[in-house]
**Student:** 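Quick one: structure below, then a few questions.
These numbers were taken from a predicted model, which means no experiment stands behind them. Heavy atoms only: backbone and side chains are in, while hydrogens, waters and symmetry mates are out.
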Amino acid sequence: MDCEFVPSVCSYCGTGCGVLFEVIDGRINRTLPLKSHPVNQGKLCIKGWNLHEYINSYMRLKGPLVRENGRLEKATWDEAVNQAARRFTRIKEEHGPDSIGVLVSAKITNEENYLAQKLTRAVIGTNNVDHCARL
Amino acid sequence: MAGTQGNFKVSLTENPRYIDMDKCIACGLCAEKCPKKVDDEYNEGLGKRKAIYVPYSQAVPLKYAIDDTICLKLTKNRCGICEKTCPSGAINFADKAKEKTLNVGSIILAMGFESFDPSGIDSLGFGQHPDIVTSMGFERILSATGPFGGHLCLPSDKDHEKAPKKIAWLQCVGSRDENRCSNAYCSSVCCMYAVKQAVMAREHSHDPLDCAIFYMDMRTHGKDFDRYMEGAKKNGVRFIQSRVHSVVPSQDHQGIEMRFIDPDGTIQNENFDIVVLSTGLQISAACVDLANTMNIELDHGNFVKTDSFNPVSTSVPGIYACGVFTGPKDIPQSVMEASSAAAAATEYISSARHTLTKEIVIPEERDTEYELPKIGVFVCNCGTNIGGVIDVPDVVAYARTLPGVTYAEENLFTCSQDTQDKMAQVIKEKKLNRVVVAACSPKTHEPLFRQTLINAGLNKHLLEMANIRNHDSWVHASEPARATKKAKHLVRMAVSKSMLLNSLFETQLPVTQSALVVGGGIAGMTAALSLARQGFPVSLVEREQNLGGNARKLFHTYMDEDIPGQVKTMIHQVNDHPMIHTYLGAVIEHLDGFVGNFNTTLATPESKVTIDHGVAILATGAVEAKPDEYLYGKHDAVMTHLEFDGRLNKKDPMLDAAEDIAFIQCVGSREAAHPYCSKVCCTHSIHSAVEVKKRNPNANVYIFYRDIRTYGKRELIYKQARDMGILFFRYDLESKPRVTPSGTGVNIRILDHILKMPVSIDVDILCLASRIQARDNQSLAQAFKITCDSDGWMLEAHQKLRPVDFATDGVFLCGMAHYPKPIDESIAQAKAAASRAITTLARSSISVGGVVSRVNEQLCSGCQGCIEVCPYNAIQMDEKKHVVNINAALCKGCGACAAACPSEALTLEGFNNEQIYAQIKSAMGA
Amino acid sequence: MTLKRIAFVQELLKFMGLEGRLHLEWISSAEAQKYVDVVTKFTEKIRNMGPNPLRAINEMKKAG
Amino acid sequence: MDMVKAAKELLLQDRVDIFLGYHKLDGHQIPHGFTKARVADLDQLEISLNRYPLEKIACDLAQKDPTLKIGILARDCSQRALNLLYTWDQLNPENIETLTVNCCPSSLSTHGDCSYLKPKTTGEYKKAHGIDYNDSPKDFMAEHDSQDRLSRWMYEFQKCIKCYGCRNVCPVCFCKECSLEHPNLVEPGVLPAEVPIFHLIRATHMAGRCIDCGLCEDACPAHIPLRMLYREVNDAVSDIFGYVPGDHIEKSPFSIIGKTVELTPAPMDV
């Protein structure tokens with residue numbers, strides 16, 4: 001049996017707490033706070049402590065799905081993105097750009113966050129953009 | 001009565017009750033309105049009752065009856081008010097006596113006793129002063145259901161407020177007395193009940209209460225009785241050895257004057273507020289008449305004549321007797337005899353077992369698992385019992401607002417038969433799947449309402465009760481508004497729990513219909529024979545190389561029956577019986593299983609044997625302790641009872657040559673180290689003394705005793721001994737006899753009580769009434785999961801009401817392993833054990849499950865904390881899965897494991913954490 | 001077991017500054033008077049101690 | 001270094017399948033499971049200043065494979081934790097080998113971040129309104145009256161952000177489902193965690209279990225003096241029952257009924 005520990009950074013919010021993944025036989029089994037990390041100094045919040053759970057979750061989304069006739073069906077990225085774009089365009093045409101809001105996440109990179117707000121303001125045309133961890 | 005054993009025809013007359021038992025719901029409205037009052041015989045005339053009445057509050061069934069000797073309607077055709085008040089129309093003045101004829105195989109007489117009526121004895125003053133009461137009367141005064149509601153007061157005080165400061169008990173009123181009455185026997189129970197009453201009176205009293213018991217001999221010979229008496233002494237109850245010769249009600253009503261001679265011989269006067277006459281037990285004339293019509297032989301005390309080896313058989317085959325009808329005795333002994341008579345009565349007719357059984361047809365159970373809760377709430381008025389205090393319609397309206405409740409209604413009497421039928425109808429119609437009954441105590445009524453659910457096709461565990469009577473309307477009668485609020489709380493709690501109730505199921509496990517009897521003495525052999533005669537195979541295990549136990553060393557019973565001869569017959573019967581397999585020289589090595597399915601490994605001299613059995617009876621007996629005082633073992637003239645009996649059996653010439661023989665009682669018994677009475681020694685010593693005196697009338701026989709405990713009919717041989725000139729010397733624990741060698745014999749010195757002078761006697765033989773000692777039953781106790789008390793005696797499930805059962809199901813107890821006892825009592829208990837065992841053996845299966853613990857294997861982390869706390873050893877570890885599992889047959893549903901489990905992996909079905917949390921939440925909210 | 005747990009919890013509550021609010025007594029179903037006495041005495045005691053301080057804290061919390 | 005040699009021996013002689021110790025990775029001292037296949041890695045074995053619950057990791061491994069033989073670098077607190085886990089049948093002592101590092105009362109303070117060795121610093125505000133980390137329970141009882149004690153604990157408890165870190169890091173918390181997550185006991189979705197029930201439940205469950213390693217306090221982002229609280233729990237258990245968890249392999253008084261009643265219920269003082 002193999003047991004190793006992999007230091008990493010918590011991906012939940014912008015704080016950047018150091019975490020330590022307990023990896024048993026290639027599978028993440030537990031998250032521990034990284035004691036020597038300067039940011040969190042061996043402490044974590046409830047989200048950090050459960051960081052490993054979604055990786056192994058059976059509910060984890062592994063590819064794009066599109067709802068057709070009330071059922072989620074597997075789709076290609078192109079299909080999914082096109083579908084989303086079509087629907088957003090229609091909403092914007094029917095109800096105006098302020099009927100759309102965007103909430104971005106700390107789980108994506110800074111650059112991606114930047115792109116998201118750019119998309120919201122420049123493409124959709126609204127200031128309704130916010131972030132889950134507005135620290 | 002006509003016919004013979006196996007086929008009796010019995011004609012019965014059932015006197016009219018004037019009440020329809022099916023309709024009466026015991027609401028009490030009739031008695032409230034009835035204008036006719038008489039003295040209540042149940043309360044010994046200290047209180048009143050109406051002409052329509054329930055004989056006593058614990059009466060079963062709880063139904064009213066009309067006393068036709070005083071009822072105005074029945075005697076003078078007036079009144080009839082009860083008929084108008086009765087809400088259920090149960091009154092039937094036209095009721096007539098009914099004749100019934102029964103065809104039975106055996107008859108058991110359990111007709112009990114009447115309390116001696118002391119009014120004929122002038123010197124005791126009964127009837128001359130209201131504060132002179134009988135012990136039965138005093139029992140009623142102390143009782144919460146008695147005439148003064150359990151408040152200790154002077155019966156002479158009209159307001160029932162004045163409390164007594166001094167109470168005296170007079171023992172042996174109507175017992176041990178051939179001058180003032182003809183009851184020569186000892187009533188056996190009065191000493192103990194007097195001590196109990198004194199202790200309880202002191203507990204009831206707010207001020208210090210002086211209790212004095214005037215006695216001849218304290219006969220507290222039962223299990224733990226001596227300990228209780230010593231406790232009473234320590235707590236200040238006075239014990240005065242004196243027979244009071246006159247009780248004089250003082251003229252100025254300043255209490256009752258008693259005149260007596262104290263143990264020092266001086267005349268004393270003392271005043272008491274209440275005098276309790278400890279009246280004895282006697283057989284009523286009606287019982288004597290019935291016995292005569294049945295041709296049953298009675299002894300001169302009018303008790304049924306029995307012998308030691310057949311303690312429940314009468315002189316007529318097929319008719320058995322138990323309880324005080326066969327001799328004075330206390331509750332445990334009566335309960336034992338009752339079971340014993342049941343065994344004796346079924347032995348002859350056991351082939352008829354199960355021939356008259358009727359099977360109940362129950363409707364198929366509806367599957368409610370996937371239904372949303374539809375709760376029905378039934379709120380009971382209970383006549384005025386609940387409705388008189390609580391605003392029932394308001395509670396019903398409130399219940400309708402609760403989540404999950406789809407139906408709520410009010411009933412006048414929820415427990416009445418018609419409401420039951422209606423409830424079942426409603427459950428079916430409204431498709432209810434949870435039922436809440438807001439009425440009285442589940443203790444009395446849960447079985448009834450469960451039956452209603454069964455009849456309506458619901459699982460019986462989908463019921464929840466809210467006790468708004470005992471817990472609410474009764475205790476808060478003066479605050480109706482707040483009581484109504486509390487009723488709502490209780491209903492809300494029950495509803496929120498009921499939401500989470502689920503169906504529980506019981507499964508059937510087969511029963512191995514055979515028994516294991518441990519111990520081959522008289523008790524063990526009797527139990528084995530009784531079971532075998534009723535058709536159940538028995539494995540009889542004896543540690544020694546031969547059967548018979550202590551009885552082989554004994555000589556005669558006090559009724560002069562030949563013990564070795566009888567034991568020989570019994571051994572033959574055991575050996576000859578095809579259903580009994582005897583294992584001699586065998587010990588129990590290992591035991592597995594539970595009621596109905598035990599598996600025992602025996603180590604016999606030859607090999608190891610495993611036996612499957614459904615029940616076990618423990619009859620391991622006791623031993624005679626070897627004394628370490630009075631020169632025992634140091635002088636040939638000093639011997640114990642068993643050694644003395646051995647000489648009697650062998651007709652030892654030493655006994656005939658002896659001119660002076662002494663007996664010392666309580667050797668090792670009733671002392672600090674062993675504070676119990678060995679029960680058999682007084683009778684044994686006296687019987688031996690009489691035997692010696694019969695063989696050699698010129699011999700001088702002395703008995704040194706503390707209290708002579710020849711209880712019941714044994715008193716007669718005590719009298720015989722005194723008549724024969726046997727000398728009795730009383731001694732105290734503080735001044736025991738001193739024994740020194742004196743030639744071939746010994747010298748005994750003792751301080752005489754009355755003379756206050758030392759007495760010195762030289763004797764040739766000194767017989768010691770050595771203590772009976774419990775065996776070391778530690779390993780047996782561990783194997784059978786039973787407990788022993790601090791003296792080493794096996795501990796029964798309930799000292800009064802379950803004297804042959806253990807707390808462990810399927811294991812029973814008899815003989816001296818329970819407590820020292822004479823042969824007749826051992827045999828009675830052995831038959832009782834067989835009888836109790838048959839309640840399991842006669843069934844082909846037992847049901848298991850219901851309210852038991854359950855393990856959620858997903859949550860169990862295998863810490864085994866629960867195993868340690870389970871009092872019934874019902875939990876085992878499954879090493880493979882690293883989780884525990886529960887044996888539903890052993891689980892009694894106590895919930896200790898559920899409380900111990902840190903992760904709630906174990907839950908008690910019907911009381912699971914979710915349900916209890918829901919109740920608590922609902923109690924705290926709103 | 002109950003006795004053990006209660007003895008411990010009483011100690012813990014004392015440490016928290018919540019002593020006296022937990023009591024254990026064995027009362028059999030035959031001891032009605034004892035039940036009344038104990039419950040009356042305990043209710044009286046709790047009443048004299050005043051309201052549960054935690055309730056005030058929790059209400060403050062709710063109020064923000 | 002002797003420790004390296006000893007650990008290598010354990011692996012090479014097949015006395016253990018895996019050895020739990022520490023090594024350095026990306027500048028952090030972190031736990032690592034050394035195996036026979038890469039026994040040379042043991043040259044990098046470190047004792048680490050930071051303490052991680054290695055016993056808990058051992059439990060994780062044993063759960064996956066109950067026959068696995070595990071070696072552990074064990075401090076004093078680890079020894080106690082292991083004893084407790086043996087008692088509760090979570091680890092099989094036959095499958096565990098320890099290499100001991102004595103640190104607790106010794107001068108080897110470089111070996112750990114334990115508050116026994118380096119008392120924590122308590123801020124002035126905390127000293128005035130809350131509880132000093134380094135206070136002993138007995139002194140705390142003596143110095144503050146009942147009302148003061150309550151308000152100080154409430155101050156501490158109300159800071160709780162319910163991260164469950166105290167439980168998650170605890171080497172002796174092994175229940176599969178935790179009472180602290182039971183919606184009927186602790187209301188879900190409320191912050192701070194229900195005061196003081198959340199903490200009292202945990203304290204009660206620590207009775208007869210806490211081996212006083214202090215990892216909970218270290219992990220608490222709200223600076224609640226948990227070690228001090230559970231020290232009181234341990235004192236109470238030891239005063240009442242004479243039981244010290246982890247001292248020996250013996251069952252906790254809360255999991256044995258016992259033959260005789262030695263306690264008497266405390267009288268109700270009015």
**Student:** Considering all heavy atoms of both residues, which atom of K43(A) and which atom of A219(D) are nearest to each other, and what is their separation?
**Tutor:**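 Closest pair (atom of K43(A), atom of A219(D), distance): CG-O, 3.6 Å.
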**Student:** If you tally heavy-atom pairs under 4.5 Å against chain A, which of H32(D), Q29(D), H23(D) wins?
**Tutor:**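 Of the options given, most contacts go to H32(D).
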**Student:** Could you pull out the closest heavy-atom pair between I46(A) and C163(D), with the gap in Å?
**Tutor:**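 What the structure gives for the nearest pair is N-CB, 3.5 Å.
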**Student:** Taking side chain as everything from C-beta outward and backbone as N, CA, C, O, which of these in E4(A) sits under 4.5 Å from a heavy atom of chain D? Side chain, backbone, both or neither.
**Tutor:**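 Both the backbone and the side chain of E4(A) come within 4.5 Å of chain D.
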**Student:** Could you tell me which non-hydrogen atom of F5(A) sits nearest to which non-hydrogen atom of I57(D), and how far apart they are?
**Tutor:**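 Nearest pair, atom of F5(A) first, then I57(D): CZ-CD1, 3.2 Å.
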**Student:** Does the side chain of K35(A) come within less than 4.5 Å of L215(D)'s, by heavy atoms?
**Tutor:**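 Sidechains of K35(A) and L215(D): in contact.
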**Student:** Name the option with the most non-hydrogen atom pairs under 4.5 Å to chain D; the candidates are V6(A), L20(A), D2(A).
**Tutor:**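 Ranked by contacts with chain D, first place is L20(A).
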**Student:** Does Q13(D), at its CD atom, have more than 12 non-hydrogen atoms belonging to other residues, nucleotides or ligands within less than 6.0 Å?
**Tutor:**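 It does: Q13(D) CD has more than 12 such atoms within range.
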**Student:** Could you measure the distance from the SG atom of C3(A) to the CG atom of D17(D)? Nearest 0.5 Å is fine.
**Tutor:**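 If we round to the nearest 0.5 Å, C3(A):SG and D17(D):CG are 12.5 Å apart.
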**Student:** Among D60(D), V169(D), I161(D), L20(D), which has the most heavy-atom pairs under 4.5 Å with chain A?
**Tutor:**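 Option with the greatest count: D60(D).
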**Student:** Can you name the closest pair of heavy atoms from P221(D) and L44(A) and give their distance?
**Tutor:**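 Closest approach of P221(D) to L44(A), heavy atoms only: CG-O, 3.7 Å.
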**Student:** Out of D65(D), L68(D), L61(D), which one racks up the most heavy-atom pairs below 4.5 Å with chain A?
**Tutor:**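 Maximum pair count with chain A is reached by L61(D).
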**Student:** Is there a side-chain contact between N29(A) and K64(D), using heavy atoms and a 4.5 Å cut-off?
**Tutor:**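 Yes; the side chains approach each other to less than 4.5 Å.
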**Student:** So, for L34(A) and I30(D), which heavy atoms are closest and what is the spacing to 0.1 Å?
**Tutor:**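 Shortest heavy-atom contact: CD1-CG2, 3.6 Å.
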**Student:** Return yes when atom OH of Y54(A) has more than 12 non-hydrogen atoms of other residues, nucleotides or ligands closer than 6.0 Å, and no otherwise.
**Tutor:**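 Yes, enclosed.
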